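In this text, all values refer to a predicted model and were calculated from it rather than measured experimentally. Chain letters run A, B, ... following the sequence lines, proteins first and then strands; every chain starts at 1.
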Amino acid sequence: MPELPEVETVRRGLHQLIIGKAVRTETHDTEKGFPNSVHDVNTFLIGSTIIDVRRRAKVLMIDLSTNYSLLIHLKMTGQLVFVGETRFGAGHPNDSLIHDLPDKSTRVTLAFNDNSKLFFNDQRKFGWMRLMPTVEIPNIDFMQKVGPEPLADDFTPQQFMQRFARRAKTSIKAAILDQSVIAGVGNIYADESLWGAKIHPSRLVGSLSEQEFSTLYTELRTVMNLAVEKGGSSNHTYVNAEGKKGSYMNFARVFRREGLACPRCGTTIEKIRVAGRGTHICPHCQHL
DNA sequence: CACTTGACCTGTCCGC
DNA sequence: TGCGGACAGGTCAAGT
């Protein structure tokens with residue numbers, strides 16, 4: 001799904017759209033995607049007001065006035081789509097994306113006091129949403145082990161390289177996707193940044209020079225910042241909080257461009273398999 | 001511990 | 001047109 005830039009785009013959208021709204025009702029289809037009890041929902045969610053919308057790695061946190069928060073992971077195909085009272089008219093570009101919600105992929109629906117709604121859709125059902133005390137969030141396993149935010153102002157190239165030390169014997173692609181090494185990197189931005197740094201994704205972490213780590217650090221931040229600016233990437237199902245697609249794919253250099261020319265050298269881009277994931281490389285710019 | 005692989009799901013696309 | 005298999009933005013729990 002959604003990697004850091006897509007989740008950040010959703011966060012910014014929700015921050016504009018739902019803060020200050022009060023939750024009137026909540027409905028969900030399965031316990032797997034929303035494991036909280038009816039009692040907890042009625043006590044800590046219904047009637048609460050949205051205080052803040054935050055993000056850590058690929059996890060969204062919607063803070064409530066009850067000192068509880070909704071934690072949300074969109075995984076591969078999750079969407080959080082806000083629909084206000086105003087309906088998109090026929091022919092509006094958003095119509096084909098969000099049509100009428102809820103639909104068969106809708107897992108959770110929140111209705112606010114002003115009749116606007118927030119839909120959590122997830123075609124593949126890998127994603128989840130759960131309610132927990134806000135102060136407990138830093139204590140959950142994921143938050144304890146997740147790596148630093150790669151776009152943080154105080155994140156340095158030295159810290160970046162040090163994070164990889166314990167993964168010396170795996171591929172750089174597997175390591176950069178490891179959320180406990182660096183937060184928020186997924187398949188798209190792993191391929192894009194490795195192409196930018198001219199590093200083959202199968203290279204072992206231990207074989208990379210300090211200069212290569214430094215270049216990869218710069219490329220990763222450049223690519224992720226551009227993606228945030230462009231509202232993320234929409235390959236298939238991703239949309240932002242208003243149901244709109246992101247445009248980073250128009251700027252992608254290798255991801256999903258197999259068979260096309262490398263924008264740097266003109267060699268045909270190939271798709272291979274690394275760390276169990278589809279991986280896009282320029283075989284000329286990136287070699288073992 | 002570090003590392004790899006399969007599982008979790010539904011939908012789509014591609015080859016026969 | 002139908003059917004089987006591979007594959008899709010991400011984690012996890014197992015196995016070695």
Side-chain angles (χ1 to χ4, degrees), chain A residues 1-11 29-35 55-60 71-80 97 99 103-108 120-130 140-147 163-194 201-207 220 223-224 227-228 230-240 245-252 254-259 271-280:
Chain A
M1 118 96 201
E3 305 181 29
L4 186 156
E6 290 74 32
V7 180
E8 176 61 18
T9 300
V10 172
R11 186 200 71 76
D29 64 345
T30 61
E31 289 190 10
K32 182 166 175 286
F34 196 119
R55 177 191 63 77
R56 175 76 169 97
K58 301 173 189 172
V59 176
L60 278 167
L71 252 62
I72 303 153
H73 201 306
L74 302 173
K75 292 289 183 82
M76 301 278 264
T77 55
Q79 307 173 330
L80 277 175
L97 299 173
H99 44 90
D103 66 14
K104 64 189 293 190
S105 76
T106 301
R107 312 259 87 89
V108 183
F120 174 38
N121 305 324
D122 186 16
Q123 185 176 92
R124 290 174 73 181
K125 302 183 180 178
F126 292 166
W128 47 260
M129 177 182 281
R130 73 182 165 113
I140 66 176
D141 283 352
F142 177 85
M143 295 299 177
Q144 288 288 312
K145 70 181 186 191
V146 70
R163 296 297 303 174
F164 288 88
R166 97 196 134 72
R167 307 287 323 253
K169 294 186 72 175
T170 193
S171 65
I172 184 63
K173 169 109 182 202
I176 203 169
L177 290 174
D178 182 341
Q179 298 300 293
S180 71
V181 174
I182 303 291
V185 185
N187 210 30
I188 298 174
Y189 305 110
D191 283 7
E192 290 287 293
S193 59
L194 287 165
S202 296
R203 290 270 306 281
L204 295 187
V205 170
S207 80
L220 180 63
V223 156
M224 293 265 229
V228 170
K230 299 301 174 187
S233 299
S234 292
N235 253 336
H236 296 296
T237 55
Y238 169 74
V239 293
N240 69 12
K245 296 193 174 201
S247 69
Y248 177 83
M249 287 305 284
N250 297 332
F251 301 84
V254 283
F255 193 81
R256 289 241 158 179
R257 295 182 59 80
E258 61 270 31
K271 186 173 183 186
I272 60 176
R273 203 149 194 90
V274 180
R277 309 295 301 275
T279 299
H280 310 77

Checklist entry - Does CG belonging to A:Asp141 count more than 12 external heavy atoms closer than 6.0 Å? => result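 Atom CG in A:Asp141 is not packed in, count stays at 12 or less.
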Checklist entry - According to the Watson-Crick and G-U wobble definitions, with both distances under 3.5 Å, which nucleotide is paired to C:dG4? => result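 Its partner is B:dC14.
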Next on the checklist: Is it the case that the ring center of A:Tyr248 lies less than 6.0 angstrom away from the ring center of A:Tyr189?
Outcome noted: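 Distance test on ring centres: under 6.0 Å, yes.
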Checklist entry - For the side chain of A:Glu192 and the backbone of A:Val254, is there at least one donor-acceptor N/O pair under 3.5 Å apart? => result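 Yes.
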Checklist entry - If you measure from the P atom in B:dC3 to the same atom in C:dG9, how many Å do you get, rounded? => result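 Pairwise P distance, B:dC3 against C:dG9, rounds to 23 Å.
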Next on the checklist: Taking only the P atom of each, what is the distance from C:dA6 to B:dG6 in whole angstrom?
Outcome noted: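 About 12 Å, rounded to a whole number of Å.
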For [X], answer base if it contacts any base atom (sugar-phosphate contacts may also be present), sugar-phosphate if it contacts only those atoms, and nothing otherwise; contact means non-hydrogen atoms under 4.0 Å.
X: A:Ser105; answer: nothing
X: A:Phe255; answer: sugar-phosphate
X: A:Gly127; answer: nothing
X: A:Gly186; answer: sugar-phosphate

Checklist entry - Is the phosphate of B:dT4, meaning OP1 or OP2, less than 4.0 Å from a side-chain N or O of A:Arg273? => result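 No, A:Arg273 has no side-chain N/O under 4.0 Å of OP1/OP2 on B:dT4.
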Checklist entry - A:Ile182 CD1 to C:dT11 C1': how many Å, rounded? => result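 My rounded result for the distance is 17 Å.
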